[in-house]
Amino acid sequence: MDKIDTSGMSCPQPVLMTKKGIEKSPEGVDVIVDNNVARENVESFLKHSGYNVSIKELEDSFLIEARK
Amino acid sequence: MGNKTKIIIAGGIVGIISVLLVYFGNPANMGFCIACFLRDIAGGIGLHRAEVVQYIRPEIIGLIVGASILALKNKEFQSRGGSSPFIRFMLGIVVMIGALVFLGCPLRMVLRLGGGDLNALLGIAGFVSGIWIGVKFLNKGFNLKRNYKVTKIEGYVFPGVSIGLLVLLIASPAFIFFSESGPGSLRAPIAISLLAGLIVGALAQRTRLCMVGGTRDMMLFNNSHLLVGFISIIVFSFIANLSFGFFNLGFADQPIAHTDGLWNFLGMAVVGWGSVLLGGCPLRQLILSGEGNIDSVISIMGMIMGAAIAHNFGLASSGAGATFNGQVAVVICFIFLWIISYSNSEISVKK
């Protein structure tokens, strides 16, 4: 599964990177985000794009797993 | 409550509070204007000597501190920085120059429309065009590289400084400037302005309200969330202006505005493009600066510098229209924006 690390990137980069990620591997992606705004935006983008989304809390970040 | 309802309510409250601030004494169609108020603060601490626009605006202090309090409460306060700091500083200058050629930040642009000032329509057209150009570069991989964790205290310094400004305002020592005429002399009582800022700061932190984000997300992701907030401010300020009898439809004789359509358009195009590169409008930058985002603090510092330059060099427009110097500055801003956009996107990296 493609892993995208958006740590430290400001708006709207996390969603843009995710968008590119699912264009490359439509079956699903793992996205790391390090703040709430990016988490909400990436989650809502993936859900709107028709993915099942689960979120794991890591030490300083979140891992968002998106699957078809 | 759904997210959409939340942002409609937040936008509505911002629109209504803005009109209330005018009722309590702020300049017309200027309940809030991040660009104008940062410019007034620059004047208040003597960075420029345009006597009609000097006042330490408590709204700005409230916005920063309101955002800080809510971010701390929700554990969203993160001290971070180091993403292309000097480019951000320069973009702050550019955005401020564009805003002062138009005479308002994106928030005041929508408040002007809500007050019936049709010149704002040209501003919105320019704003959307500027965002469209910025989005083109985003799609070509434009970014300002990542930020990094910095020490906790770094994030607290800016909200601390803004409280220091409040102390200066209240103590009003002789070296602080207060306009005796013009827009800077029109002000709601300090407590009301501060409270308004705190409420809007907290709301904007909570809802991520951003004037540029709406159009940008619509173009990039077909996501209307933030755009709904933008429209809500227009609708509710329109209703509030009507009920207070402030509504005045037309192009001519609008308060703190000019009818020079081309430069209204181009000024806001600079603001739209520059704000997309910064990742948010001036309001959003201010809110982020209260959340420990040092990159946004640097952008705000750039805006304050830009305001001082705009008035010292005669770039800011007046009711009579854009100045020649202002027009030259807008052209330079476009060239600068293009260089930064091009050199930070993948088009230039591939070569």
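Numbers restart at 1 for each chain; the letters A, B, ... are given by sequence-line order, proteins then strands. All values below come from the heavy atoms of this structure, side chains included, with hydrogens, waters and symmetry mates left out.
Using a 4.5 Å cut-off between heavy atoms, A:S49 makes no contact with chain B at all. Using a 4.5 Å cut-off between heavy atoms, A:D60 contacts chain B through its side chain alone, with no backbone atom that close. B:L144 does not touch chain A: none of its heavy atoms, backbone or side chain, sits under 4.5 Å away. Heavy atoms closer than 4.5 Å to chain A are found in both the backbone and the side chain of B:N139. Contacts of B:Y148 with chain A are absent, with no heavy-atom separation under 4.5 Å from either backbone or side chain. For B:K145, the part sitting under 4.5 Å from any heavy atom of chain A is the backbone (N, CA, C, O) and nothing else.
With respect to chain B, the highest number of heavy-atom pairs below 4.5 Å among A:T6, A:N35, A:V15 belongs to A:V15.
For CE of B:M218, the number of neighbouring non-hydrogen atoms (other residues, nucleotides, ligands) closer than 6.0 Å is greater than 12. Atom NZ of B:K75 has 12 or fewer heavy atoms from other residues, nucleotides or ligands within 6.0 Å.
Under the 6.0 Å distance and 45° angle rule, A:K56 does not count as a cation-pi partner of A:F62.
For the residue pair A:N36/B:E76, the side-chain donor-acceptor check at 3.5 Å is satisfied.
Aromatic ring pairs are classed by plane angle as parallel below 30°, tilted from 30° to 60° and perpendicular above 60°; the pair B:W273 and B:F334 is tilted.
In this structure, B:Y342 has its ring center at least 6.0 angstrom away from the ring center of B:F142.
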